[in-house]
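In each ligand, atom 1 is the first atom listed, and ligand 1 is the first ligand listed. When a residue number appears, it is its place in the shown sequence, counting from 1.
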Amino acid sequence: MQLIFDRIEIADGHRAALGGSPDGEHVVDQFVVGVAPSIAAAHVFDLGAQAHSWSWSIAADVAGGCTLRSVSIVLRVVDARGPLRMFRHGYQSWSPCDVAVFGLHRDPSFAEGSLELVRGVHQADQRVVSDPDELRSEWLTLLVDDSGSPVLIGFDGGDRHDGTFRLRSGVDGPELWCEAFLGDALLAAGEERHLHDLLIAGGAPSDVLLAGWATHAGRVGRARVHAPYQVGWCSWYHYFHDVTETDLDHNLALADPWPFDVFQLDDGYQAAIGDWLITNEKFPSEVGAIADRIAAAGRTPGIWIAPFLAAPDSRIATEHPEWLATFPDGSPLITMFNPPWGGGLGGFMYGLDTTHPEVLEHLEHLAGTLVDVGFDYLKLDFTFSPSYDGVWHDPSRTPAQRVRAGYDAIRRGAGEAFLLGCGSPQSAVVGVVDGNRIGPDVAPSWPIEAKTDPLAGYRGSQPSTRNAWFNTAARSFMHRRLWLNDPDCLMLRNAETELTSEQMRTWALAVGMSGGMALVSDDLALVGPEGRALLDEAIALGRASDAAARDGGVPTSPELLLGPTPGMLSTRSSALTVDPESGGSQVE
Ligand code: 9PG
């Protein structure tokens, strides 16, 4: 299989069909695209002569400027043997990572009943794809044919714009569109935007290619990878929204014999989505008093916020309607639907406008206040919100820049506190988060719970321990290169769960071997000696795997490209093989 440069395309329909060398200036309609050659430095990819890195830029060549949805380098895929397979890397934490067959599988946006609101949660571009054969991957991808020799194509960053790979049928066969997605950002006349470098590498197994790419992207993005290994407790996966202050105190009282560094209160304490400093009637104390009590028990206080969302009836939304992004008709932009949140519109949430200077001040102040009252660990959730199409105060910002501006404001306020990204567009947060959720939510069941109504096209994003396992394996290579991986919480209780002890063990071993964060999320009174022993085993594995990762031995998923979903997670010393159906596993 070979990839050959064919042309530059501006979405949708404007093209410069040049062929041959991509280097030089391409005038496409009202834009000038500059592509500069640069040979990948030897220290980046140890992959022989087949590694390339292209720097490129775009400028609007028209008085008054121009909006730009996307610009693509189009590569033709030639001499592929047999069906082409594509590693589809998901957009944000919960978006599934899998391997799809070109011409056979469909993009999730094609599913009957797929909703724009959900597409926007899981893809950089919320529109339905135009080609029925099209497969998409975000930030990076791997292509492989029957020769078994994969090619990696990836952007080296994602904080200036998203990067989407679209495998499509072209006139002369399959094409890979390497798309810089600017989401209709306004380019001023003559303004040149440097796009993220595009990297292409082959000649090595997929795990080696992924390791090379992540190492490089981590360096370029100044990844924060030095926080200590994290062990903790989180209130979510037992109490969910119903958590009370009594529940928190009950677990804190039981925690003495447990090895937790962090004790993290999740969703359910706040008066409203958006009003994070005011507690509801289930929490008689103020947030500062809660932090004090956790600190007095010798743990790092942690708290959950969804900083870019606002419930319609929240104080923030009603006092500052000008802080909300809008639809073109001027009504507030809706960026999430979660019925348990209520909020005045049955669970529809508004998106804060992270291009508005006052919103950024608010976010900085919010994070600063939470840290000042004692929370040294902030879980930042539903952070894809600023990426939706809409009307934004500063129209020059891309979706990725809007996400990143929100995170950067929080980092300014939080100083050196530990920031955990969640629901985070993965490519936009390198260099700002310390830890990052890399998979969907676990659940007290292995498959998707029967009561869950799976989202059309996006089943793989639904809470289930099996779905969490898939992304933990597929994104294992990111740990300590881009951030600390958060595979999501362990499940240890032996009551109020549908997980068998075998499935619990599989998940605990996966979390441990991944080297990622290890958080317990049960009512501690329900965890028996078996669960406690499993935690100790997972932490011992986790510390060893994490220590190896700091030393370059990041876990891998060596057979990633063999099946639709990964089946294996390997460390330097052992390998975990998981049966996706039964949730059983073997360690060798
Ligand atoms: C709190 C939770 C926990 C959890 C997060 C996140 O409706 N939804 O589509 C939906 C998706 C994810 C989700 C909740 C709802 O979970 O991953 O750890 O913090 O929020 O609400």
> Who pairs with Leu324 by side-chain contact (heavy atoms from CB on, under 4.5 Å), at least two apart in sequence or on another chain?
Replying inline: Ala310, Ala317, Pro332, Tyr350, Leu352
> Near ligand 1, which protein residues have a heavy atom under 4.0 Å away?
Replying inline: Trp94, Trp236, Tyr237, Asp266, Asp267, Trp304, Met336, Asn338, Lys379, Asp381, Phe382, Cys422, Arg437, Asp441
> Is there a donor-acceptor contact under 3.5 Å linking the side chains of Asp261 and Tyr377?
Replying inline: no
> With sequence neighbours left out, which residue pairs that include part of residues 466-515 fulfil the ring-ring contact (aromatic ring centres under 6.0 Å, His included) condition?
Replying inline: none
> Got Asp486 and Leu420 here, is their nearest side-chain heavy-atom distance under 4.5 Å?
Replying inline: yes
> side-chain contact (heavy atoms from CB on, under 4.5 Å) with Thr335: which residues, sequence neighbours excluded?
Replying inline: Leu309, Leu333, Ser385, Tyr388
>> In terms of relative ring orientation, are Phe382 and Trp304 parallel, tilted or perpendicular, with 30° and 60° separating the classes?
In response: perpendicular
